[in-house]
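Written below as structure tokens is the structure these notes are about.
For ligands, and for the atoms within them, numbers begin at 1 and follow the listed sequence. The basis for the numbers below is simple: all heavy atoms, side chains too, and nothing from hydrogens, waters or symmetry mates.
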Amino acid sequence: MKQIAVIGSGTMGNGIAHVFAQYGYPVNLIDISADALKKAIGTIEKNLERQVSKQAITEDTRKQTLANITTHTDLRAGVTHADLVVEAATENIDLKLKIFKDLDAFTKPEAILASNTSSISITKIASVTNRPDKVIGMHFMNPVPVMKLVEVIRGYNTSDEVTNTIVGLSKMLEKVPVEVNDYPGFVANRILMPMINEAIYSLYEGVAGVSEIDTVMKLGMAHPMGPLQLADFIGLDVCLSILKVLHDGFGNPKYAPCPLLVNMVQAGHKGVKTGSGFYKYTPGSKELVVADQFK
Ligand code: CAA
């Protein structure tokens with residue numbers, strides 16, 4: 001792997017670019033919005049500074065990591081020379097299908113096309129390309145520089161060779177790859193999202209309040225964040241769209257999203273990114289304050 005391209009500069013995209021660049025890979029970070037790219041570089045700078053201050057990386061690594069990242073607003077220019085493309089665009093199937101069609105046309109025929117999708121079928125994404133054997137899921141966890149897991153998802157036609165390359169590459173990034181097959185939600189979200197949905201149902205049905213539910217799971221199960229705080233962190237819209245994939249994919253009512261989650265997303269309370277979800281968020285403050293609606 002000589003050249004990596006990352007599509008989408010949001011939370012996941014900038015974290016993925018950060019990690020590849022930190023481990024010495026030249027990265028083209030691509031987004032349609034120049035503003036989003038500027039913001040992403042700012043986030044990467046901040047996270048690198050934090051790593052330097054915690055002595056996790058040296059000042060030289062910080063500089064080299066930034067030097068390894070080039071930003072692009074033009075997809076074709078950003079992916080032409082890529083050996084691996086990791087797509088981390090918005091979790092929308094039509095958008096992803098369009099991107100993979102374009103990637104198939106714009107990249108070298110031997111390039112591997114990976115998606116960081118949290119639940120959309122890799123087999124479906126691969127079906128719009130002429131290289132389904134080279135399409136794979138490379139699902140990083142947020143925050144990408146911190147979390148060790150890479151869920152490696154084999155589509156129906158993904159080759160052993162491509163799977164082994166992605167497994168090896170994940171290890172080069174000092175991550176722990178876990179190979180899974182392509183079924184709705186894969187493993188991570190098939191297990192995580194029903195837990196989050198059940199926490200929301202517990203709130204909705206008045207079993208307990210926001211802090212109480214999160215405290216039970218933090219102190220009782222040693223989770224670093226309670227499920228409601230984690231839902232805010234992931235994004236309530238993302239949780240909802242993953243639950244819909246599980247519900248549609250299995251046709252099982254146990255995955256039906258809680259009506260409270262649906263309402264919150266419709267009302268624009270999507271968690272950390274909108275400043276309000278189960279908790280309210282003030283920039284610069286780490287204090288966890290329950291949202292007014294749940295007091
Ligand atoms: N970049 C680099 N380093 C970061 C970072 C970032 N973005 N965010 C946190 N860190 C580092 C901190 O510097 C700190 O390092 P040290 O241990 O060396 O001191 C460490 O991570 C812990 O951070 P904090 O002390 O600031 O805060 P914390 O102890 O509360 O941990 C957390 C924060 C790591 C996010 C922790 O709360 C956690 O693990 N939460 C759960 C995260 C999780 O479950 N992620 C998966 C979400 S699901 C997903 O991503 C996939 C999907 O498809 C939905």
Side-chain angles (χ1 to χ4, degrees), residues 8-23 39-58 61-62 65-66 86-92 96 114-122 137-153 173-176 178 180 184-197 199 214-215 217-219 221-246 257 261 270-273 277 279 281 284-288:
S9 66
T11 312
M12 297 307 287
N14 76 58
I16 295 166
H18 172 148
V19 169
F20 274 109
Q22 184 185 325
Y23 285 82
K39 201 169 150 218
I41 295 296
T43 303
I44 294 170
E45 278 171 347
K46 213 174 72 198
N47 286 331
L48 285 167
E49 271 155 28
R50 187 200 330 226
Q51 286 171 292
V52 172
S53 73
K54 301 258 172 148
Q55 295 178 337
I57 60 168
T58 63
T61 305
R62 186 190 72 81
T65 302
L66 284 172
V86 183
E87 170 275 321
T90 310
E91 201 62 359
N92 170 312
K96 288 198 195 281
S115 176
N116 178 61
T117 180
S118 47
S119 62
I120 294 171
S121 163
I122 298 300
M138 197 175 187
H139 184 206
F140 291 84
M141 303 290 133
N142 183 20
V144 182
V146 179
M147 305 301 281
K148 284 286 167 204
L149 178 69
V150 177
E151 198 179 25
V152 177
I153 303 117
L173 304 175
E174 292 192 82
K175 301 288 186 200
V176 178
V178 174
V180 309
F186 319 130
V187 170
N189 282 315
R190 181 169 179 167
I191 296 172
L192 176 64
M193 286 304 152
M195 181 191 73
I196 285 177
N197 202 33
D214 274 356
T215 302
M217 297 305 284
K218 271 195 286 192
L219 302 187
M221 295 11 161
H223 290 190
M225 287 176 170
L228 300 174
Q229 187 191 357
L230 182 57
D232 276 358
F233 180 67
I234 292 168
L236 300 190
D237 53 338
V238 176
C239 293
L240 179 59
S241 82
I242 298 171
L243 280 162
K244 283 182 178 164
V245 168
L246 290 170
L261 173 65
K270 298 179 187 168
V272 178
K273 64 184 157 193
Y279 297 90
Y281 301 90
S285 165
K286 275 192 132 186
E287 206 190 341
L288 206 50

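Heavy-atom contacts from other residues, nucleotides or ligands closer than 6.0 Å to NZ of Lys39 number 12 or fewer. Counting heavy-atom neighbours within 6.0 Å of Lys273 NZ, excluding the residue itself, gives a total above 12.
A donor-acceptor contact shorter than 3.5 Å links the side chain of Asn14 to the backbone of Gly10. Side-chain atoms of Asp214 come within 3.5 Å of backbone N or O of Gln229 as a donor-acceptor pair.
Here Val238 has no heavy atoms under 4.0 Å from ligand 1, in either its backbone or its side chain. With a heavy-atom cut-off of 4.0 Å, Val144 does not touch ligand 1 at all. The part of Lys286 lying near ligand 1 is the side chain, judged by heavy-atom distances below 4.0 Å.
Listed by number with element, the atoms of ligand 1 under 4.0 Å from a non-hydrogen atom of Pro143 are 7 (N), 8 (N), 35 (C). Listed by number with element, the atoms of ligand 1 under 4.0 Å from a non-hydrogen atom of Met147 are 42 (C), 43 (C), 45 (N).
Between the side chains of Gln22 and Thr61, no donor-acceptor pair of N or O atoms lies under 3.5 Å. Using modelled atom types, one finds no donor on one side chain facing an acceptor on the other under 3.5 Å when comparing Glu91 with Ser241. Side-chain polar atoms of Glu45 and His18 form no donor-acceptor pair below 3.5 angstrom.
Put simply, no part of Met12 is less than 4.0 Å from ligand 1, judged by heavy atoms. Note on ligand 1: His223 sits outside its first shell, no heavy atom being nearer than 4.0 Å.
Closest to atom 44 (O) of ligand 1, if we only count protein heavy atoms, is Leu230 CD1, 3.5 Å. For atom 21 (O) of ligand 1, the nearest protein heavy atom (residue, atom name, distance) is Val146 CG2, 3.6 Å. For atom 50 (O) of ligand 1, the nearest non-hydrogen atom of the protein is Asn142 N, 2.8 Å. Scanning the protein for heavy atoms near atom 2 (C) of ligand 1, the closest one is Pro145 CB, 3.7 Å. For atom 13 (O) of ligand 1, the closest heavy atom belonging to the protein is Arg50 CD, 2.8 Å. Closest to atom 49 (C) of ligand 1 among all protein heavy atoms lies Met141 SD, 3.7 Å.
Taking the charged nitrogens against the carboxylate oxygens, Lys148 and Glu174 have no contact shorter than 4.0 Å, which rules out a salt bridge.
Protein heavy atoms all stay at least 4.0 Å away from atom 30 (O) of ligand 1. For atom 17 (O) of ligand 1, no protein non-hydrogen atom is found at a distance below 4.0 Å. Distance screen at 4.0 Å: atom 54 (C) of ligand 1 has a protein heavy-atom neighbour inside the cut-off. Within the 4.0 angstrom cut-off, atom 42 (C) of ligand 1 has one or more protein heavy-atom neighbours. Within 4.0 Å of atom 33 (C) of ligand 1, not a single protein heavy atom is present. For atom 26 (O) of ligand 1, the nearest protein heavy atom lies closer than 4.0 Å.
Closest heavy-atom contact between Ile196 and Pro227: CG1-O, 3.9 Å.
For the pair Val178 and Glu151, the minimum side-chain heavy-atom distance is 4.5 Å or more. At least one side-chain heavy atom of Phe20 sits under 4.5 Å from a side-chain heavy atom of Val86. For the pair Ser121 and Phe186, the minimum side-chain heavy-atom distance is 4.5 Å or more. Put simply, the side chain of Asn116 reaches to within 4.5 Å of the side chain of Ile16, judged on heavy atoms.
When the heavy atoms of Ser119, Ser118, Gly185, Pro224 are ranked by distance to atom 39 (O) of ligand 1, first place goes to Pro224.
Polar contact check, His18 against ligand 1: no nitrogen or oxygen pair lies under 3.5 Å apart. At a 3.5 angstrom cut-off on N or O pairs, Lys54 counts as close to ligand 1.
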